[in-house]
Amino acid sequence: MSDAAELQTFEHDVLVIGAGGAGLRAAIECSKLGLDTGLVSKSLLGKAHTVMAEGGMAAALGNTDRRDNWKIHFRDTMRGGKFLNVWRMAELHAKEAPDRVRELEEWGAVFDRTEDGLISQRNFGGHRFPRLAHVGDRTGLELIRTLQHYGVHQGMHAHMECKILGLLTDGERIAGALGLWREHGRFVLFKARAIIMATGGAGRCWRVTSNSWEYSGDGYALAYDVGAELMDIEFTQFHPTGMVWPPSVRGTLVTEGVRGDGGILKNNKGERFMFGYIPERFAPETADSEEEAARWLAGDKNARRPPELLTRDVVARSIRAEVLAGRGSPHGGAFLDIASRVPAEAIKRKLPSMYHQFKELAGVDITKEPMEVGPTLHYFMGGIRVDADSQMTRVPGLFACGEASAGMHGANRLGGNSLSDLIVFGRLAGVGAKEYLDRLGSTPQPDAGQIERSKREATDILNRETGANPFVVHEKLQEMMQRYVGIVRIEDELETAIDELAKLRVEAATAKAHAAPQFNAGWHEALDLSSLLTVSEAVTRAALMRRESRGAHSRIDYEGERDEWLKYNIVIRKQPDGSMDVRKEERPEAPPELAKIAHATLDQLEGGHV
Amino acid sequence: MPLMQGTKRSFRIWRGNSSGGQFKNYEIEVDTGMVVLDAVHRVQAEHATDLAVRWNCKAGKCGSCSMEINGKPRLACMNRLSDYPDGETITIQPIKTFPVIKDLVCDVSWNFKQLKRIPPLKPKPRDADGNYRMRQQDVERIQEFRKCIECFLCQDVCHVLRDHDQKERFVGPRFMIHLANLEMHPLDCDDRIPQVKNEFGSGMCNITKCCAEVCPESINLTDNGIIPIKERVVDRFYDPIMMLLRKRQSKRA
């Protein structure tokens with residue numbers, strides 16, 4: 001097929017790319033607002049990484065502890081994000097999350113209940129109060145299934161197992177996207193006046209990751225290619241507790257709910273080591289003795305939280321430090337023990353899927369033995385830069401939400417803030433798209449040249465005679481990123497990574513897929529390489545520029561947070577010559593009323609004085 | 001766990017598409033702790049880069065990697081190689097009930113169409129304070145059904161769908177428990193029983209319990225979901241006393 005007119009074509013008002021929590025919520029909103037909505041996913045519907053989210057969704061409902069409210073949630077989020085969050089996004093999130101959770105319930109979600117029949121809420125790291133609405137430890141499945149079942153009745157058109165190869169523009173404006181059906185390998189044109197990127201993150205750049213194959217950063221790369229900016233992408237969260245054994249499941253997530261429900265971390269000497277790693281900022285709110293932590297677990301509201309519930313960056317670095325000091329577990333992690341603290345029946349009831357997972361995959365009974373855990377690449381705090389209220393990027397008609405967008409979580413995300421982020425900003429992206437379309441005059445038309453270019457790049461991989469095995473190139477990339485752009489970073493290693501990336505780019509450009517285009521795994525792997533490399537380069541260059549340690553980004557050569565860096569975001573844009581422009585951009589001043597809340601003491605907030 | 005580092009194992013994997021295919025043998029090195037899906041991936045990386053297989057979470061939570069392993073419907077990510085005797089060749093093929101697309105990947109779109117046919121939850125009004133109240137014991141009943149990861153292994157083993165190909169008349173176990181989930185949902189105020197009988201074919205299920213046996217989430221589909229809604233259908237349409245009572249009530253109304 002050489003003529004664009006012969007392409008299978010769908011026309012939608014808005015195309016949502018990505019069918020996890022954010023994409024489904026965005027598509028539901030678009031459908032409700034009367035827009036003809038297409039929803040594209042690389043997998044089947046309902047299989048996105050959202051199903052893996054275990055712990056819950058954070059919303060200050062105040063059901064379990066009446067003292068909770070949006071201001072305290074907002075304060076926790078800003079402190080967790082080391083004050084680099086976009087203030088307005090953190091505000092919108094804290095204010096709107098409770099309504100989004102209640103709405104899910106009305107659409108069929110069945111959360112665990114409190115004694116008086118309300119939605120139960122559980123404790124999680126960095127949250128002052130029990131705040132996570134949850135369903136055992138399979139909240140993500142509940143979220144995605146609820147949205148999927150509700151959504152298919154709202155009129156959206158789901159296009160499954162379709163990979164988007166490129167976004168199409170008319171001048172600056174969005175005009176559509178070119179896709180590829182995985183099933184038979186044919187191309188498909190989506191004409192759309194607006195596009196919402198809800199593509200999640202890019203954990204597959206690393207070897208040890210909780211992410212599935214889909215998390216290759218397509219959204220970041222596609223948006224960047226048509227002129228959108230990437231922001232603060234150096235903040236890549238290593239979840240402290242991934243499985244470390246057996247090797248085939250290394251990286252698979254172990255929910256933070258284990259620690260929220262009483263699990264403690266120990267080294268190979270049997271010491272509970274987190275008391276030695278409490279950062280100054282959190283010291284006033286963290287228990288300083290095992291005795292106090294035990295009282296907290298027993299429900300004493302005057303006791304402070306155990307240090308195992310510090311933010312993820314702190315816990316991940318602490319485990320790494322123990323391993324480096326020779327105090328790690330046999331397979332290079334730490335022991336997570338809930339068996340000695342919580343009765344077996346309660347573990348099975350509260351953490352059924354963890355029990356199942358360890359039993360089946362590692363042959364470990366978590367009601368009797370400790371788990372072995374270690375840091376795993378889990379989440380991108382940075383991403384596509386958007387306007388806080390409309391979720392629009394700097395490309396007219398291009399929106400982003402969920403993990404694909406930047407700003408909500410700053411330098412580090414609190415557990416449970418992702419599922420609520422998806423539904424709050426998924427909805428806002430839908431509203432933003434509707435407002436944009438209401439103002440849009442003529443319908444943008446895709447450029448035939450762009451379509452041909454995308455098709456040629458894709459088919460070259462099949463047509464060349466010989467070339468690199470795409471699986472091998474991907475593995476090399478993952479090893480390299482794991483080694484040089486990991487949980488702690490240093491200048492010369494980051495520079496090595498940039499050189500290595502240049503070599504890998506050359507190799508990837510020769511990647512060869514064998515056999516026919518139908519459901520060809522090697523071809524799809526080769527196509528994903530381009531996004532993986534772009535994102536890896538963006539993370540590495542941004543990490544090199546940020547000369548401080550903040551949240552999920554740790555530089556051995558620039559330890560500690562540096563106040564001067566609080567003034568900047570790192571913004572990446574594609575230059576006309578194709579090179580990557582990375583620069584510091586000054587952040588807008590904090591709105592005084594929000595700054596006051598974020599910097600207030602808990603006594604002031606809980607007493608209603610702020 | 002037996003140590004398997006560096007030992008070789010043989011696999012027979014079905015290769016082909018809708019127009020036909022055959023089993024092919026592959027030998028790869030296997031390591032401790034590997035699951036069947038790891039083996040498929042290693043074959044893919046080393047011998048057959050175009051081998052088609054679906055997978056996502058690799059932890060038994062997404063239900064993508066359904067296939068038949070040594071003739072049994074399984075999730076490939078939840079079956080360790082050490083569960084099979086040393087030296088035994090492991091046979092891997094696509095699930096049978098749905099048309100094959102390529103290799104281990106089937107066209108399961110029929111299932112997504114069934115979901116669309118089932119009317120969504122019709123929620124009752126909220127309490128005066130804007131909340132819904134439900135008791136934990138009431139929600140637990142349907143939380144079991146909501147654990148479903150849509151792997152469609154129950155659809156694969158259902159005789160009505162697999163052997164008799166009655167997809168026009170019966171939605172299958174996955175959607176019977178979805179209907180049970182809606183029917184028993186504390187907030188739902190729709191009457192679904194006539195539809196369960198007439199459109200979704202509840203009478204077709206003859207309770208062989210094969211679906212519950214293969215469920216990787218250990219959902220007791222038959223006893224807890226399908227039988228109770230079949231009973232509600234019987235009460236409504238076939239119980240003579242209930243029928244008489246209803247007739248009298250409707251006359252009074």
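Chain letters run A, B, ... following the sequence lines, proteins first, then strands; residues in each count from 1. The structure displayed is predicted, hence computed values, not measured ones.
- With a 4.5 Å cut-off on non-hydrogen atoms, Pro125(B) does not touch chain A at all.
- Highest contact tally toward chain B, considering only Glu54(A), His49(A), Glu214(A), Met160(A), is held by Met160(A) [criterion: heavy-atom pairs under 4.5 Å].
- Your options are Gln148(A), His474(A), Glu525(A), Glu475(A), and the one with the most heavy-atom pairs under 4.5 Å with chain B is Gln148(A).
- The part of Ile118(B) that comes within reach of chain A is its backbone (N, CA, C, O), which places non-hydrogen atoms under 4.5 angstrom from that chain.
- Here Glu150(B) is the residue among Glu217(B), Gln44(B), Lys122(B), Glu150(B) with the most heavy-atom pairs under 4.5 Å with chain A.
- Between the side chains of His159(A) and Ser41(A), no donor-acceptor pair is found at a separation under 3.5 Å.
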His184(A) and Phe519(A): CA distance, side-chain angles, deciding distance, side chain to side chain contact (heavy atoms under 4.5 Å, CB included) verdict: CA-CA 6 Å; His184(A) 38 59; Phe519(A) 223 117; over 6 Å; no

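- A salt bridge between Lys124(B) and Asp188(B) is absent, with no side-chain N of the basic residue lying under 4.0 Å from a carboxylate O of the acidic one.
- Contacts of Asn131(B) with chain A are made by side-chain atoms alone, with heavy-atom separations under 4.5 Å and no backbone atom involved.
- Side chain to side chain, His378(A) and Ser210(A) meet the donor-acceptor criterion of an N or O pair below 3.5 Å.
- Of the listed residues (Ala52(B), Cys77(B), Ala48(B)), the greatest number of heavy-atom pairs within a distance under 4.5 Å of chain A belongs to Ala52(B).
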Side chain to side chain contact (heavy atoms under 4.5 Å, CB included) between Cys106(B) and Ile101(B), worked out: CA-CA 5 Å; Cys106(B) 290; Ile101(B) 292 173; 5.8 Å; no

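- Put simply, the residue from Trp55(B), Phe11(B), Tyr26(B) that forms a ring pair (Phe, Tyr, Trp, His ring centres under 6.0 Å) with His41(B) is Trp55(B).
- Of the inter-residue distances, the one linking Gln121(A) atom CD with Phe111(A) atom CZ reads 10.0 Å to the nearest 0.5 angstrom.
- In terms of heavy-atom proximity, Ile119(A) sits nearest to Asn63(A) at O-ND2, 2.9 Å.
- When all heavy atoms of Met156(A) and Leu24(A) are compared, the closest pair comes out as CE-O, 4.3 Å.
- Contact of His153(A) with chain B is made through the side chain alone, with heavy-atom distances under 4.5 Å.
- Interface remark: Glu46(B) contributes no atoms to any contact with chain A (heavy atom separation under 4.5 Å).
- Side chain of Arg192(B) to main chain of Leu179(B): no donor-acceptor pair is present (N/O by atom type, distance under 3.5 Å, no hydrogens or angles).
- Residue Asn469(A) touches chain B through its side chain alone, counting heavy-atom pairs closer than 4.5 Å.
- Heavy-atom distances place both the backbone and the side chain of Val139(B) under 4.5 Å from chain A.
- The part of Glu161(A) that comes within reach of chain B is its side chain, from C-beta onward, which places non-hydrogen atoms under 4.5 angstrom from that chain.
- In this structure, the portion of Leu187(B) lying under 4.5 Å from any heavy atom of chain A is its side chain and not its backbone.
- For a residue to count as touching a neighbouring chain, one of its non-hydrogen atoms must lie under 4.5 Å from one of that chain's; by this rule Glu106(A) touches chain B with backbone and side chain alike.
- No part of Asn211(A) comes within reach of chain B, as not one of its non-hydrogen atoms sits under 4.5 angstrom from that chain.
- No other option in Glu105(A), Arg138(A), His514(A), Glu183(A) has as many heavy-atom pairs under 4.5 Å with chain B as Arg138(A).
- For Met243(A), no part lies near chain B; criterion is any non-hydrogen pair under 4.5 Å.
- For Arg135(B), the part lying near chain A is the backbone, with the side chain staying farther off; criterion is any non-hydrogen pair under 4.5 Å.
- Ranked by heavy-atom pairs under 4.5 Å with chain A, the list Asn56(B), Asp50(B), Leu121(B) is led by Asn56(B).
- Heavy atoms of Tyr150(A) lying under 4.5 Å from chain B are absent altogether.
- Summarising the geometry, atom CE belonging to Met78(B) is positioned 10.5 Å from atom CG belonging to Asp83(B); distances are rounded to the nearest 0.5 Å.
- In this structure, His178(B) and His149(A) have perpendicular ring planes: the angle between them is above 60°, well past the 30° mark.
- Atom-to-atom distance recorded for Thr255(A):OG1 and Lys350(A):NZ is 12.5 Å, nearest 0.5 angstrom.
- Within the 4.5 angstrom heavy-atom criterion, only backbone atoms of Lys359(A) (N, CA, C, O) approach chain B.
- Looking at Arg145(A), only its side chain comes within 4.5 Å of chain B, counting heavy atoms on both sides.
- Residues satisfying the salt bridge (Lys or Arg N to Asp or Glu O under 4.0 Å) test with Lys476(A), not counting sequence neighbours, are Glu507(A).
- With a threshold of 4.5 angstrom between heavy atoms, Asn17(B) approaches chain A through side-chain atoms but not through N, CA, C or O.
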